[in-house]
Amino acid sequence: MSHRSADVVILGGGSGGYAAAIRSAELGRSVILVEENELGGTCLHQGCIPTKALLHSAEVADSARTASQFGIDVTFDGVDLEKVLSYQNTIVTRLHKGLQGLVDSYGITVVNGRGRLVGPNGVEVDDELITGAAVVLATGSSPKTLPGISIGGRIVTSEQALVLPFVPKKAIILGGGVIGVEFASVWASFGASVTIVEAMPRLVPNEDETTSKYLERAFRRRKIAAKTGVRVTEVTQDEDAVSVTFDSGDVLDADVVLVAVGRGPNTASMGYEETGVMLDKGFVVTSDRLRTTVPNVFAVGDIVPGLQLAHRGFQQGIFVAEEIAGLRPDVVDETGIPRVTYSHPEVASVGLTETAAREKFGENVETVTYDLAGNGRSQILKTSGAVKLVVAPTGVVVGVHMVGDRVGELIGEAQLLYNFEVDAAQAAKFVHAHPTQGEALGEALMAVAGKPLHVHG
């Protein structure tokens, strides 16, 4: 068996893995990165980038369909899915080439193959042993399914849905979280009749309750049906259709069923437990400094319990590279990581929900909700929604929750408010350009400070 070594060996070339590789190289470490498929992982090839390209195509379809509302005469002739997928692939290919060039420019060695942890310092790939002073596990996640439901044919996960060669006439989506509502949004924009099924009492159940209400209302206006608080007992299919049976006894038929019930960690059959890396329900157990139960073995990204977000992976990868280099970086505050759902309308949030804030700080938590109906830019865009602030008894902003088209672009300012522990009354002094949607955040801050401007009553 051949052998080579580096300062840092990384298993997985997705968001967390390649961020750890680049930062390690910047800090003067030699790096070997093992990737079974392609650099960029799920985010670039089956996740963030291609889904957002699909969502942008959906937005263009909506713009064309509703152009007359803006005084523009346009004929909407339908969706050419082949061209949509070509547009999507062009973006992925360009970013993939850019990433390959970036990794190469840092002198990072990429080994293509399925790696397996074989010791506290070793990874085996095919017939080669690769050892490092530190090993970073970054093997990501895969779509989960429900017991008794096998993926195939008309039953798909997000990965098959991304490249579906047709627009379904009727679609049922099992799961009302981020992935579920994003695909519901795309397919509805493309002309499908969509029903979302969510076992929890509301859509996007991890978000603030106010957010769920606004999103559900917007989806109803878009004719997207939502069945919440129900469970699926059976899914069957034949050549022509797929049927979903609920615990109530109701049965729904569709062309396609998308199973979007979350993602599970890729940790099975990789030698983790045999080497002494402790797992809990498949996730890697780490300290707050992302160290596993084996010295010098770290874990980042979706295999670590918490938010499964690419930008969390980037941040954890950078953190671990700096930790390995002895820089003692600040621990990443999970609550301060911004979250965006790119549906129509968008959902964006950072910090604590109102419920979580009341559990932490007691009943003196203050909230204010500013409706986008009072925001000029939102009216120009013909979007509805709201900005909600959650403020601790000390006056500090501890949560920002937004619904509305393009509100994801406001999350940068929102995350600074939370992460810098900004006093709401102080932040109310900041001037927001007019007319922008950012003003909605400014108006909410002014309302909390007791000097609302464009707010009724």
Side-chain angles (χ1 to χ4, degrees), residues 2 4-57 83-115 123 125-126 128 130-142 159 162-163 266 298-303 308-325 327 329 332 340 342 408 412:
S2 61
R4 58 179 140 170
S5 63
D7 297 327
V8 182
V9 175
I10 299 166
L11 194 53
S15 306
Y18 83 69
I22 289 171
R23 187 68 184 125
S24 291
E26 284 176 347
L27 293 169
R29 300 306 194 267
S30 59
V31 181
I32 296 176
L33 177 64
V34 180
E35 170 53 49
E36 183 181 11
N37 296 308
E38 292 181 300
L39 273 181
T42 295
C43 168
L44 178 52
H45 299 281
Q46 298 97 24
C48 323
I49 299 301
T51 55
K52 275 51 182 183
L54 207 54
L55 281 149
H56 185 65
S57 291
K83 285 184 181 172
V84 168
L85 295 178
S86 172
Y87 152 70
Q88 182 193 88
N89 289 336
T90 300
I91 294 162
V92 171
T93 301
R94 191 179 299 142
L95 289 171
H96 184 221
K97 281 182 180 168
L99 178 59
Q100 285 174 310
L102 185 64
V103 165
D104 190 49
S105 73
Y106 278 104
I108 295 162
T109 301
V110 178
V111 175
N112 192 250
R114 184 173 178 82
V123 169
V125 186
D126 298 327
E128 183 175 27
I130 300 169
T131 55
V135 176
V136 180
L137 310 178
T139 43
S141 61
S142 303
E159 291 182 2
L162 258 181
V163 292
N266 294 331
F298 298 79
V300 299
D302 286 3
I303 59 172
Q308 291 177 316
L309 298 168
H311 46 283
R312 173 180 179 255
F314 294 146
Q315 202 61 35
Q316 289 187 338
I318 293 166
F319 172 90
V320 159
E322 293 180 353
E323 180 78 354
I324 290 166
L327 300 184
V332 180
V340 185
Y342 296 85

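Quick caveat: nothing in here was measured; it's all calculated off a predicted structure. Residues take their numbers from the sequence shown, with the count starting at 1.
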A.B. asks: What residue among V84, I91, L85 forms side-chain contact (heavy atoms from CB on, under 4.5 Å) with Q88?
C.D. replies: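 It is L85; the other options fail the test.
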A.B. asks: Which atom pair, heavy atoms only, marks the closest approach of G13 to Y18?
C.D. replies: O-CD2, 3.7 Å
A.B. asks: Determine whether I324 and V136 make a side-chain contact, defined as any pair of heavy atoms from C-beta on separated by less than 4.5 Å.
C.D. replies: yes
A.B. asks: Taking side chain as C-beta onward, heavy atoms only, is L27 less than 4.5 Å from L327?
C.D. replies: yes
A.B. asks: Nearest 0.5 Å, please: how far is CD in E38 from CD in Q46?
C.D. replies: 8.5 Å
A.B. asks: Work out which heavy atom in L33 is nearest to a heavy atom in A21; give both atom names and the distance.
C.D. replies: CD2-CB, 4.4 Å
A.B. asks: Could you report the tightest heavy-atom contact between P50 and C43, atom names first, then the distance?
C.D. replies: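 Of all heavy-atom pairs spanning P50 and C43, the closest is CD-O, 3.7 Å.
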A.B. asks: Looking at NE2 of H311 and SG of C48, how far apart are the two atoms once the value is rounded to the nearest 0.5 Å?
C.D. replies: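 Rounded to the nearest 0.5 Å, the NE2-SG separation comes to 8.5 Å.
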A.B. asks: So do the side chains of R312 and V332 get within less than 4.5 Å of each other, counting heavy atoms only?
C.D. replies: no
A.B. asks: Does some side-chain heavy atom of E26 sit less than 4.5 Å from a side-chain heavy atom of I22?
C.D. replies: yes
A.B. asks: Work out which heavy atom in R29 is nearest to a heavy atom in A325; give both atom names and the distance.
C.D. replies: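 For R29 versus A325, the nearest heavy atoms are NH2-CA, 3.3 Å.
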A.B. asks: What's the shortest heavy-atom distance between L44 and L39, and which atoms?
C.D. replies: CD2-O, 3.8 Å
A.B. asks: Can you tell me how far apart CG (L11) and CZ (F298) are? Round to the nearest 0.5 Å.
C.D. replies: 15.0 Å
A.B. asks: To the closest 0.5 Å, what do you measure between CD1 (I32) and OG (S24)?
C.D. replies: 12.5 Å
A.B. asks: State, with a plain yes or no, whether a side-chain heavy atom of H45 is found less than 4.5 Å away from one of N37.
C.D. replies: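 Heavy-atom side-chain distance check fails, nothing below 4.5 Å.
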A.B. asks: Determine whether a donor-acceptor pair (N or O, by modelled atom type, separation under 3.5 Å) exists between the side chain of S30 and the backbone of D7.
C.D. replies: yes
A.B. asks: Quick check for you: to the nearest 0.5 Å, what is the distance between D302 atom CG and T139 atom OG1?
C.D. replies: 9.5 Å
A.B. asks: So which heavy atom on A20 is nearest to which on A321, and how close?
C.D. replies: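 The answer is O-CB, 3.6 Å.
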A.B. asks: How many angstroms lie between atom CG of D126 and atom CZ of R114, to the nearest 0.5 angstrom?
C.D. replies: 11.0 Å
A.B. asks: With a 4.5 Å limit on heavy-atom distance, are the side chains of Q100 and H96 in contact?
C.D. replies: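 They are in side-chain contact.
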